[in-house]
There are 2 protein chains.
Amino acid sequence: MLDATLAALADPTRRAILSRLAEGEARVTEVARPFPISLNSVSKHVRMLERAKLVRRRIEGRDHFLSLDPAPLDEAADWIAAQKKLWAWRLGELEKVLAHG
Amino acid sequence: MLDATLAALADPTRRAILSRLAEGEARVTEVARPFPISLNSVSKHVRMLERAKLVRRRIEGRDHFLSLDPAPLDEAADWIAAQKKLWAWRLGELEKVLAHG
DNA sequence: AACATATTCACCTCTAGGGGTGAATATTCC
DNA sequence: GGAATATTCACCCCTAGAGGTGAATATGTT
């Protein structure tokens, strides 16, 4: 799922949508309002966020309420943290070699 | 730069290249060897990783040595960490409302 | 000079993403 | 029933990405 998560996060519009939802649940139209693009485009972004499981949808009549799901964010954070650790180790080793060489 | 970083990380081949480079500097051909795709494709992935500043290139004769640059990873980790904090706060508020409601 | 190796360049194909518009669907309101 | 609202569906266009092949370039080797 990392692929879909990171791809979803790679777009600034989608990151802005997530930031908006961090303030609280909202309908698609409310989410779309601040953006200069069409409602339709926002709807597609939302669909990608759902596919990445970063956003959940609760349908109530004609209103679709969107909310955040933090789980995939953890997975992404874990991968990045693991890489940072590995890289730091490697770069640390290199420094040791340079210092003792 | 977040866009390019997250987009670069969204591809599994590129993540594998980064993991390989975490073991140490390597030439393009060495990096490409384990992959079932053409050397050319790997070369293109490397170019994207360079564009995202996750990989640096040191040219020595006909050999191009690739190494990691951890800086953009920090930026990505920071953004995700900030979001996790925001989301946790929001979800916490919701729980309070539910508990006291 | 001739050959081999390392890498990229130039091109092709296919698919997916981001944007748009207009119509369809579902629901609510009068 | 009829109108307004909320959302998606079905298309269109354009660009970028991921894959490929074959040629060009540069360096190393004999």
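A, B, ... follow the sequence lines: proteins, then strands. Residue 1 opens every chain.
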Phosphate OP1/OP2 of [N] contacted by [X] side-chain N/O (<4.0 Å):
{"X": "B/R47", "N": "D/dA18", "result": "no"}
{"X": "B/S38", "N": "D/dG19", "result": "no"}
{"X": "B/H45", "N": "D/dG19", "result": "yes"}
{"X": "A/R27", "N": "C/dT27", "result": "no"}
{"X": "B/R62", "N": "D/dT25", "result": "no"}
{"X": "A/S41", "N": "C/dG20", "result": "yes"}

If I compare all heavy atoms of A/D69 with all of A/K53, which pair ends up nearest, and what's the gap?
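Looks like CB-O, 3.3 Å.
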Distance in angstrom units between [X] [atom1] and [N] [atom2], rounded:
{"X": "A/F65", "N": "D/dT5", "atom1": "CZ", "atom2": "C1'", "result": "13 Å"}
{"X": "B/I59", "N": "D/dT25", "atom1": "CD1", "atom2": "P", "result": "17 Å"}
{"X": "A/I37", "N": "D/dC13", "atom1": "CD1", "atom2": "P", "result": "21 Å"}
{"X": "B/H64", "N": "D/dT27", "atom1": "NE2", "atom2": "C1'", "result": "9 Å"}
{"X": "B/D63", "N": "D/dG28", "atom1": "CG", "atom2": "P", "result": "8 Å"}
{"X": "A/K44", "N": "D/dC13", "atom1": "NZ", "atom2": "C1'", "result": "11 Å"}
{"X": "A/D3", "N": "C/dG17", "atom1": "CG", "atom2": "C1'", "result": "15 Å"}

Where each residue is assigned the nucleotide of DNA chain C containing its nearest heavy atom, which of A/E60 and A/M48 is assigned the position nearer the 5′ end?
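Checking each residue's closest nucleotide, the 5'-ward one belongs to A/M48.
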How far apart are the C-alpha atoms of A/H45 and A/F35, what are their side-chain angles, what is the distance that settles it, and do they pass the side chain to side chain contact (heavy atoms under 4.5 Å, CB included) test?
CA-CA 12 Å; A/H45 283 301; A/F35 296 99; over 6 Å; no
Minimum-distance nucleotide (side-chain atoms of B/D11 versus C/dG17, D/dA6, D/dA18)
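Closest of the options to the side chain of B/D11: D/dA18.
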Proximal nucleotide (of D/dC9, D/dA6, C/dG20) relative to the A/N40 side chain:
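Looking only at side-chain atoms, A/N40 lies closest to D/dC9.
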